[in-house]
Each structure stands twice: as C-alpha cells, then as structure tokens.
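Below is one structure; the comments refer to it alone.
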Amino acid sequence: MESYKNEFSNKDITVCYEPCKCVHAEKCAKELSEVFRLSIIPWINLDGTETKKIINQIKRCPSGALTYRKNFKKRAS
Ligand code: SF4
C-alpha cells in the first residue's frame, strides 16, 4: 500500500493531517474554510490566513487528526 505525506508548511508551522483519525465532522472546513478546503487539492492551504488562526483551529479538531509543529528558524549569524 502506498503511503503519502499529509504535511503542509508555511514559513511558521508544519501541519500534519492523519486521515485515519479524522471523524469527518467538517469542523475545520466550516470554521476556517480559507484554509481547510473540502473540494480543492491540496486541501489545506496555509496561505489562506494568519498562522495564529490556523493554530487555534487545529486545537479545535475533535479527533486529533490535525496537529502542528513550529518550524525551526535559523538564527542570523
Ligand atoms: S476538524 Fe479534525 S476531525 Fe473534523 S474534519 Fe477537520 S480534521 Fe477531521
């Protein structure tokens, strides 16, 4: 079986989506449709709004299918 990455990044965060955990309540798509899109691929568009709003929405995912991590930032030397 082929596995594929469900990771999406912007400059601040990387979002991971685990479809096997998703309960398909469409909470994310209803509440933040600029980012979580039901009929467009890629379905997560992290350029849709500011990172803070995306993080707040991920925290409201009822199943834990959506998670995020902050991107490592290089220090200027
Ligand atoms: S909010 Fe979470 S459980 Fe609901 S549709 Fe989105 S990813 Fe799936």
Side-chain angles (χ1 to χ4, degrees):
M1 194 169 125
E2 194 177 328
S3 67
Y4 56 95
K5 261 191 173 180
N6 269 306
E7 289 196 347
F8 306 82
S9 296
N10 65 11
K11 64 180 175 35
D12 302 316
I13 57 170
T14 295
V15 176
C16 181
Y17 170 64
E18 293 182 67
C20 60
K21 288 186 180 175
C22 179
V23 295
H24 301 292
E26 297 178 8
K27 189 174 176 67
C28 53
K30 284 177 187 156
E31 294 180 357
L32 199 63
S33 60
E34 318 88 277
V35 175
F36 301 100
R37 308 173 299 181
L38 292 178
S39 57
I40 303 170
I41 293 174
W43 82 278
I44 295 179
N45 171 29
L46 294 183
D47 296 325
T49 190
E50 58 193 79
T51 298
K52 199 175 160 189
K53 279 189 180 175
I54 297 170
I55 290 173
N56 285 339
Q57 190 62 50
I58 289 170
K59 288 178 178 172
R60 289 204 286 268
C61 171
S63 67
L66 290 172
T67 55
Y68 76 95
R69 62 178 182 271
K70 290 189 175 166
N71 294 340
F72 176 75
K73 286 184 185 168
K74 283 185 183 173
R75 279 192 194 167
S77 55

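One-based numbering, in listed order, for ligands and for the atoms of each. What you see is a predicted model, and the numbers here were worked out from it, not measured in a lab.
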To the nearest 0.5 Å, how far apart are OG1 in T51 and CG in N10?
-> 4.0 Å
Distance-only check: which donor-acceptor pairs under 3.5 Å involve side-chain atoms of residues 33-50, not counting sequence neighbours?
residue : atom : partner : partner atom : Å
R37     : NH2  : P42     : O            : 2.6
N45     : OD1  : D47     : N            : 3.1

To the nearest 0.5 Å, atom CD of E7 lies from atom CD1 of I13 at 11.5 Å
Identify all side-chain donor-acceptor contacts of residues 14-29 below 3.5 Å with residues at least two apart in sequence or on another chain.
residue : atom : partner : partner atom : Å
T14     : OG1  : S9      : OG           : 2.8
T14     : OG1  : N71     : OD1          : 2.7
K27     : NZ   : E31     : OE2          : 3.2

Checking side-chain contact (heavy atoms from CB on, under 4.5 Å) against I55, which of K53, K59, Q57 comes through?
-> K59
What residue pairs, at least two apart or across chains, pass ring-ring contact (aromatic ring centres under 6.0 Å, His included) with a residue in residues 50-69?
-> none
Counting no waters, what protein N/O/S atoms lie under 2.8 Å from atom 2 (Fe) of ligand 1?
-> C61 SG
For atom 5 (S) of ligand 1, find the nearest protein heavy atom and state the residue, atom name and distance (0.1 Å precision).
-> E26 N, 3.3 Å
